[in-house]
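What follows is a set of notes on a single structure, which appears directly below.
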Amino acid sequence: MTNPDDQPDSWEEPQRIMVVLAHPDDPEFFCGGSIARWTNTGHSVSYCLLTCGDKGTKDRDLSSEELCRMRREEQKAAAGVLGVRHVRFLDHPDGYLVSDLALRRDITRVIRQETPDILVTCDPTNLYVRDAYINHPDHRAAGQATLDAVFPAARDHLHFIELWRDEKLEPHIVKELWVSLPLQANVSLDMTDFWDTKINALLEHKSQIGDPEDLIERMRARHTQDSTLEDPVYCEHFRRIVFP
Ligand SMILES: [Zn+2]
């Protein structure tokens with residue numbers, strides 16, 4: 001095990017960390033171990049989810065409204081397992097997220113309200129996942145709109161001037177951007193100590209995960225290639241951008 005003091009997230013002061021992603025369960029799947037580790041070491045983590053996941057079901061008896069209600073509750077429970085301070089939903093429609101100016105403005109507003117030190121999102125350039133999946137278009141749109149909100153929209157008051165002029169929201173510069181699900185990672189954090197917490201958080205997403213035993217087995221199998229199921233090492237990967 002590496003010395004925790006040498007890790008890229010061994011910040012000296014408590015950090016305000018905001019996670020901006022598309023759907024309920026994205027924070028837990030993409031970086032749930034890291035979130036547990038950060039709250040465990042005294043950092044404050046909040047979520048801003050752009051949709052409530054109101055379309056992803058094969059159950060024909062469920063309406064979007066019911067699904068939305070259910071997914072919000074599951075998300076709050078999962079966030080609770082990880083020690084997250086606050087969950088906010090922006091309620092854009094699931095499946096139709098587009099990285100347009102309206103979405104960029106909404107995220108810019110939240111960045112200026114929450115003034116995070118560290119902002120976590122996902123990689124908009126990641127189109128294929130493990131040669132087995134197409135990365136959801138909402139994930140790509142969420143990542144793109146968030147990067148564009150961080151720079152330059154949140155930084156300069158003349159971007160979306162109504163936020164500054166009418167809503168009195170001052171410009172804000174985040175110190176670091178952590179991009180999960182990256183095409184090219186430059187940070188890998190050892191999550192072995194937090195993998196069970198991540199799985200426990202994922203298990204709260206009851207309407208999304210199917211058979212809990214299958215999920216547990218699948219997640220346990222995600223150990224690093226040079227470790228074993230008997231003596232596993234788990235990692236989460238990011239592209240970390242540190243603004244000068
Ligand atoms: Zn998702």
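We count ligands from 1, going down the list as the structure has it; atoms in each ligand are counted the same way.
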_Is there a ring-ring contact (aromatic ring centres under 6.0 Å, His included) between His139 and Phe30? Walk through the geometry before answering._
CA-CA 11 Å; His139 298 167; Phe30 297 0; 5.0 Å; yes

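- Between Asp196 and Arg220 there is a salt bridge, since a side-chain N of the basic residue sits under 4.0 Å from a carboxylate O of the acidic one.
- The backbone N or O of Gln15 lies less than 3.5 Å from no partner atom in the side chain of Trp38, so there is not a single donor-acceptor pair.
- Residue pairs meeting the ring-ring contact (aromatic ring centres under 6.0 Å, His included) criterion with at least one member in residues 43-92, sequence neighbours excluded: Trp11-His43.
- Near the Zn ion (ligand 1), less than 2.8 Å away, sit the protein N, O or S atoms His23 ND1, Asp26 OD1, His139 NE2.
- Using a distance-only test at 3.5 Å, with no hydrogens or angles considered, a donor-acceptor pair links the side chain of Asp190 to the main chain of Thr192.
- Under the 3.5 Å distance criterion, the side-chain polar atoms of Arg239 are matched with a main-chain donor or acceptor of Gln184.
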